[in-house]
There are 2 protein chains.
Amino acid sequence: MPESPARRCPLSSQRPTLADVASTAGVSVSTASLAFSGAGPIAAATRERVLAAAAELGYLGPNPLGRQLRSGRSGIVGVVVGDALRRSFRDPVSIQVLDGLVSTLGEMGLGVLLIPGPSDPAEPPVDPLVLSAGMDVAVLLWGSGTHDPVLEALRRRGVPTVVVEGIPEPDVATVGLDDRRGMTELVQHLQSLGHESFACVTLAFDRQRGDGFVEPERWNEVVWQVTRRRLDGVLDAGITPTAVYETPASLVEHGKTAGFAILSAPQRPTAVVCQSDLLASGVVLAARELGLRVPDDVSVAGFDGLDLPWLAPDVLTSVAQPLAEKGATVGRAVASLLAGEMPEPVELAVTLRPGTTTGPAPR
Amino acid sequence: MPESPARRCPLSSQRPTLADVASTAGVSVSTASLAFSGAGPIAAATRERVLAAAAELGYLGPNPLGRQLRSGRSGIVGVVVGDALRRSFRDPVSIQVLDGLVSTLGEMGLGVLLIPGPSDPAEPPVDPLVLSAGMDVAVLLWGSGTHDPVLEALRRRGVPTVVVEGIPEPDVATVGLDDRRGMTELVQHLQSLGHESFACVTLAFDRQRGDGFVEPERWNEVVWQVTRRRLDGVLDAGITPTAVYETPASLVEHGKTAGFAILSAPQRPTAVVCQSDLLASGVVLAARELGLRVPDDVSVAGFDGLDLPWLAPDVLTSVAQPLAEKGATVGRAVASLLAGEMPEPVELAVTLRPGTTTGPAPR
DNA sequence: AAGCACGGTCGAATCGATTTGAGGATCGCG
DNA sequence: CGCGATCCTCAAATCGATTCGACCGTGCTT
């Protein structure tokens, strides 16, 4: 019974490959492949033999790179977080969506490749990974602007893309939020409480990420879609804010700075509407430090519907967005793109959630 | 002059490949490859021709998968975050290290693949990505336990690995922290302020992630290394805590729960030493809500050295660890592994940073 | 007994690029 | 005019697996 020639690890001084295993086991490469993948009929005895040979040679299992080339799939989804990681990850919204996304994609056997978004306006706007990483699909988390350079690059590479809270376009999948209407409802709620003078604390207008009051002329020159829609939502209610304050990022400290600026100004508004809960909680903290009572002296509202335990005993009035569902929806859109379809744009609903930081207008 | 046969996109109904471009341009595949990679001498005119052909065919650039197979490298570093993303990402420590890591690796042309660590004790402890993703190196962020199943799996696959704050072992690179000594110094600092009764709030002991007081018998049965070292550091100071409270994760709300439990117990300690700043700030909040003055009635200290603006006007006494440097150090370790070397274990220094939440012991 | 279905195995093609050593053209110089 | 040096270009091998179609026995059907 001629056993196959007793060459263990024929040429490869390196790691053994499937071919080595096959030759050691005395079977063909295809059979060896079958033994591992299980994608075809194979006799139990044969599989045993292959597995034994693999163990003997110290074969570490099929090399993913080979499989990937063959299948044309890397199993990797590139997720562009819309800002420097340091900032993005301090934002519970990004995190929760990312978490939902990782879970959903994980169940589909896909991994998430983290790609930093545009951070410093000075730096080149597109991370090299966007240009070269082997990803099956890309996700632009957290908005795109008009003529977004990252989106352009992905288009040029022909990478199917899901844009979250961006502008719906025919060649990309879109998962949006009904945040514009949500903001309008929030303002109307405040109006029904008697408020007439409103200040707004917004997210960044564009890559410059300004930090300070914005003149009315610029109110409709917002590049970043999230900021734009939420501001438009406020204006839709038919009011004219006494002030609009732009912050560079959705962080408590920026909210606090904005809060101090707004609440210590000569004509203080009775309500401050913020584009995120973190900004809003910063404003609440500023108010407290200024000795103002919330909501007796000033009402503060946010957006996102986060749990902020350290704001206790206050509960922020907010517009809640379905964070986990957002992640799952993006996951489904990714699956759809992978299947070669172009999913319909989705717009998730938001719900007004009154808390203890808003109340009747003073006087 | 016989132009190559005018077949645009010869067979491939799919995307054009380098071969298609080459045949359209009337050159060989190798030459076409050179035109893109630039790794060899090529006439300017030829390159032009290849590039023109590529443009004409709508060639989207070299397929990363092909390149990866050839080079044997995916350019991807798998980062296992030590907990469910949702929780991990609410921890500024993980985030800042991850941020530093992504930057460092990004400069080296490497991408970060996010791999969820063990979350639910019920679930299988190893994410499928650990078993199958095509990564060049893996990083276990945030500690490993003894006989960590994830580490075992990576070993079996032969993936070079960096372990952060784990047990130094010969076949993995290690980046550690001198947290044990830091904790001892912290306790000594409190002792010098006259404190004699200490309570400890710890991170999770093991995958079970208990939530409550731990009997002294179990104090040396800690699986999770980070928890173990920091607890040992406290014991090194020669004290016996009046209580040790285990929390399931480093989050403010868990600190708060622990704080209520510890501070409303019959014999209240004068100092609470926490294994993270988030836990410590939870304890501060609990103290405030219980009407206790910090640090007059009780001193609270943490670990990590974070900026926690919303704790204002208090500044947490803490032991600061060099977060950005940690990320960079891990990055260097990864580079070293990729170069085929095994880097020496690194132990980063921590520094005591007194704040306003600790003071002389009462009475 | 011929024919058929089927489980099991194998050979060869394929995925898409990189890389090496060989070879051809051109040029300069003796 | 010949020889060598230089500069490009190309054919072929390679990376490591998957997969399709062919092939070959068995065992069962009619």
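All values reported here derive from a predicted model rather than from experimental measurement. The analysis underlying the following values was restricted to heavy atoms, covering all of them including side chains, and did not include hydrogens, waters or symmetry mates. Letters A, B, ... are given to chains in the order of the sequence lines, protein chains preceding strands, and every chain is numbered from 1.
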Pick out the pairs of N or O atoms, protein on one side and nucleotides 13-15 of chain D on the other, that lie under 3.5 Å.
residue : atom : partner : partner atom : Å
D/dT14  : O2   : B/Arg70 : NH1          : 2.9

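- Using a 4.5 Å heavy-atom cutoff, the side chains of A/Asp127 and A/Val80 are not in contact.
- By the 4.5 Å heavy-atom criterion applied to side chains, B/Met108 and B/Leu105 are counted as neighbours.
- Counting only heavy atoms from C-beta outward, the side chains of A/Leu140 and A/Leu154 approach each other to under 4.5 Å.
- Between the side chain of B/Thr24 and the backbone N or O of B/Asp20, at least one donor-acceptor pair lies under 3.5 Å.
- Residue pairs meeting the salt bridge (Lys or Arg N to Asp or Glu O under 4.0 Å) criterion with at least one member in residues 153-162 of chain B, sequence neighbours excluded: B/Glu152-B/Arg155, B/Arg155-B/Glu169, B/Arg155-B/Asp171.
- One can place CG of A/Leu65 at 14 Å from C1' of C/dT18, the figure rounded to the nearest angstrom.
- Residue A/Leu18 contributes atom CG, which lies 20 Å from atom P of C/dT14 at whole-angstrom precision.
- Rounded to 10°, the angle separating the first-five-pair axis and the last-five-pair axis of the helix from C/dA1-D/dT30 to C/dG30-D/dC1 equals 50°.
- Looking at A/Leu337 and A/Met342, their side chains come closer than 4.5 Å, going by heavy atoms from C-beta outward.
- Partners of A/Arg73 by side chain to side chain donor-acceptor pair (under 3.5 Å), not counting sequence neighbours: none found.
- Separating the CG atom in B/Leu129 from the CD1 atom in B/Ile115 is a distance of 5.5 Å, to the nearest 0.5 Å.
- Here the C1' atom of nucleotide C/dA17 and the CD atom of A/Gln68 are 14 Å apart, to the nearest Å.
- For D/dT18, one of the phosphate oxygens OP1 or OP2 lies less than 4.0 angstrom from a side-chain nitrogen or oxygen of A/Ser33.
- Using a 4.5 Å cut-off on side-chain heavy atoms (C-beta onward), B/Leu98 and B/Leu114 make contact.
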Show each protein N/O and nucleotides 9-11 of chain D N/O combination with a separation under 3.5 Å, one pair to a line.
residue : atom : partner : partner atom : Å
D/dT9   : OP1  : B/Thr46 : OG1          : 2.2
D/dT9   : OP2  : B/Ala43 : N            : 3.0
D/dT9   : OP2  : B/Thr46 : OG1          : 3.4
D/dC10  : OP2  : B/Ser28 : N            : 3.0
D/dC10  : OP2  : B/Thr31 : OG1          : 2.7
D/dA11  : N7   : B/Ser30 : OG           : 3.1
D/dA11  : N6   : B/Ser30 : OG           : 2.9

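- Between B/Leu110 and B/Leu338 there is a side-chain heavy-atom pair separated by less than 4.5 Å.
- Taking atom CZ on A/Arg73 and atom C1' on D/dA17, their separation rounds to 17 Å, with Å as the unit.
- Rounding to whole angstrom units, CZ of residue A/Phe36 and C1' of D/dG16 are separated by 13 Å.
- Residues that satisfy the side chain to side chain contact (heavy atoms under 4.5 Å, CB included) test with A/Glu107, not counting sequence neighbours, are absent from this structure.
- Listed pair A/Tyr59 / D/dG16 fails the phosphate criterion, with no side-chain N or O lying under 4.0 Å from OP1 or OP2.
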